[in-house]
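In this text the structure is predicted, and so the values were computed from the model without any measurement. FYI, the numbering just counts along the sequence from 1.
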Amino acid sequence: MKYFYGGVIGLAFMGMSIAFVAESHTVKKQQKIDVLESAFEKAGSPVPSQMAKAVRQTKRPELMAAIAMQESDGTPWAKGKAGEKGAWQVIEKDWGKVSSNPNEQAKQAERILDELLEASGSTRKALSMYNGGSNPKKRSYKYADSVILKWKKLKGEVSGKNS
């Protein structure tokens, strides 16, 4: 993309005119900052671009990113103490085999969240169920609140400072 700058090239004295000439300079377009990739990088994901790509294929990319960051910092090969696997820490005995592919993991986690949203009627309740099962305890609501805060930050609704 070219931008034009007007500049005085020369001045003549004794009744002569002032000449203005437009100079063109090629200016590199600034790369758009990928908020999701940047957030995964900041969270410590070993594969931030793959994780950003995976969540972008979902209906709720910022929410799915917030869950993955809460669960595993966006690490697709993460394993939990209770048998949870993948970036979204899915328990295979409850939800089926977890792929090693972040795109497939995102789709699986989204199907789980969709089911929980339908059953619960609210995002907070669905997230607490994602964490604590069908009868979530107080700590699961704290988990939900933490994910919701991350989600709001990713959507730009909350400043990242002091929170």
Side-chain angles (χ1 to χ4, degrees), residues 1 3 26-163:
M1 178 174 263
Y3 290 89
T26 303
V27 178
K28 285 185 179 179
K29 259 187 175 178
Q30 266 190 335
Q31 280 189 336
K32 185 179 175 187
I33 296 170
D34 184 332
V35 174
L36 293 171
E37 186 171 340
S38 176
F40 275 114
E41 192 172 287
K42 197 174 194 178
S45 173
V47 288
S49 60
Q50 287 178 351
M51 290 302 297
K53 180 182 174 193
V55 297
R56 266 192 233 100
Q57 71 179 337
T58 67
K59 296 177 279 190
R60 304 171 199 85
E62 294 89 357
L63 180 56
M64 297 310 294
I67 295 168
M69 285 182 235
Q70 181 74 29
E71 290 288 347
S72 70
D73 295 328
T75 305
W77 50 83
K79 291 183 180 175
K81 295 175 187 169
E84 313 93 334
K85 289 185 178 178
W88 285 270
Q89 293 292 276
V90 171
I91 297 176
E92 289 183 323
K93 69 179 176 74
D94 294 336
W95 299 103
K97 181 154 176 55
V98 176
S99 170
S100 60
N101 181 321
N103 295 329
E104 293 302 315
Q105 289 179 18
K107 289 175 190 173
Q108 181 181 31
E110 183 175 46
R111 282 190 302 272
I112 294 166
L113 185 61
D114 285 346
E115 190 175 310
L116 297 173
L117 282 165
E118 189 174 317
S120 68
S122 86
T123 302
R124 184 172 187 250
K125 174 83 176 192
L127 289 169
S128 65
M129 291 168 68
Y130 188 94
N131 177 258
S134 60
N135 216 356
K137 305 221 180 319
K138 188 176 181 178
R139 70 173 179 77
S140 291
Y141 282 97
K142 287 181 180 180
Y143 163 90
D145 293 339
S146 180
V147 171
I148 289 169
L149 181 59
K150 283 176 175 56
W151 179 33
K152 286 181 176 184
K153 284 179 184 177
L154 287 169
K155 292 193 312 180
E157 294 177 10
V158 176
S159 169
K161 297 175 185 171
N162 300 327
S163 46

Checklist line | Worked check of side-chain contact (heavy atoms from CB on, under 4.5 Å) between Thr123 and Arg60 | finding: CA-CA 12 Å; Thr123 302; Arg60 304 171 199 85; over 6 Å; no

Check: What is the minimum heavy-atom distance between Lys107 and Gln57, and which atoms define it?
Finding: CE-OE1, 3.1 Å

Item checked: Expected output: side-chain Trp88 to main-chain Met64 donor-acceptor under 3.5 Å -> yes

Margin query: To check you understand the geometry: which heavy-atom pair defines the closest contact between Ala106 and Ala54, and what is its length?
Written below: CB-O, 3.5 Å

Note to self: Keeping Gln105 on the side-chain end and Ser99 on the backbone end, is there a donor-acceptor pair under 3.5 Å?
What the structure shows: yes

Checklist line | Set of side-chain contact (heavy atoms from CB on, under 4.5 Å) partners for Glu115, sequence neighbours left out | finding: Trp95

Notebook entry, point to check: How far apart are the closest heavy atoms of Ser45 and Gly74, and which atoms are they?
Noted result: OG-O, 2.7 Å

Checklist line | Nearest non-hydrogen partners of Val35 and Leu154, listed with the distance | finding: CG1-O, 4.1 Å

Item checked: Partner residues of Lys137 under the side-chain contact (heavy atoms from CB on, under 4.5 Å) criterion, sequence neighbours left out -> none

Margin query: Using the rule given for side-chain contact (heavy atoms from CB on, under 4.5 Å), can you reason through Leu63 versus Leu127, listing the C-alpha separation, both sets of side-chain angles and the distance that settles it, and then say yes or no?
Written below: CA-CA 10 Å; Leu63 180 56; Leu127 289 169; 4.3 Å; yes

Notebook entry, point to check: To the nearest 0.5 Å, what is the distance between CZ (Arg111) and OG1 (Thr58)?
Noted result: 12.0 Å

Next item on the list: Using salt bridge (Lys or Arg N to Asp or Glu O under 4.0 Å) as the criterion, list what pairs up with Lys142, not counting sequence neighbours.
Entry: none

Check: By side-chain contact (heavy atoms from CB on, under 4.5 Å), which residues pair with Arg124, not counting sequence neighbours?
Finding: Ser122, Tyr141, Ala144, Asp145, Ile148

Item checked: Partner of Ile67 by side chain to side chain contact (heavy atoms under 4.5 Å, CB included), out of Asn131, Leu113, Val55 -> Leu113

Next item on the list: Among residues two or more places apart or on two chains, list those pairs meeting side chain to side chain donor-acceptor pair (under 3.5 Å) that have a residue in residues 66-75.
Entry: Gln70-Ser146, Gln70-Lys150, Glu71-Tyr143

Notebook entry, point to check: Stepwise, does the side-chain contact (heavy atoms from CB on, under 4.5 Å) test hold for Val98 with Trp77?
Noted result: CA-CA 10 Å; Val98 176; Trp77 50 83; over 6 Å; no

Item checked: Backbone N/O of Lys125 and side chain of Ser128: donor-acceptor pair under 3.5 Å -> yes

Checklist line | Atom CD of Glu84: over 12 foreign heavy atoms under 6.0 Å | finding: yes

Margin query: Using modelled atom types and a 3.5 Å cut-off, is there a donor and acceptor pairing between side-chain atoms of Gln108 and backbone atoms of Lys97?
Written below: yes

Margin query: For a quick test of reading the model, state the closest non-hydrogen atom pair linking Met129 to Leu116 and the distance between them.
Written below: CE-CD2, 3.9 Å

Notebook entry, point to check: Does Gln50 use its side chain to pair, donor to acceptor, with the backbone of Pro102 at less than 3.5 Å?
Noted result: no

Next item on the list: Give a yes or no on whether Glu157 atom CD has more than 12 heavy-atom contacts from other residues, nucleotides or ligands under 6.0 Å away.
Entry: yes

Notebook entry, point to check: Roughly how far, to the nearest 0.5 Å, is CD of Glu37 from NZ of Lys42?
Noted result: 14.5 Å

Next item on the list: Taking side-chain contact (heavy atoms from CB on, under 4.5 Å) as the test, write out the residues that go with Lys59, two or more places apart.
Entry: Glu110, Asp114

Check: Looking at Pro76 and Met51, what are the two nearest heavy atoms and their distance?
Finding: CG-SD, 3.9 Å

Checklist line | Check against side-chain contact (heavy atoms from CB on, under 4.5 Å), Asp34 and Phe40 | finding: CA-CA 10 Å; Asp34 184 332; Phe40 275 114; over 6 Å; no

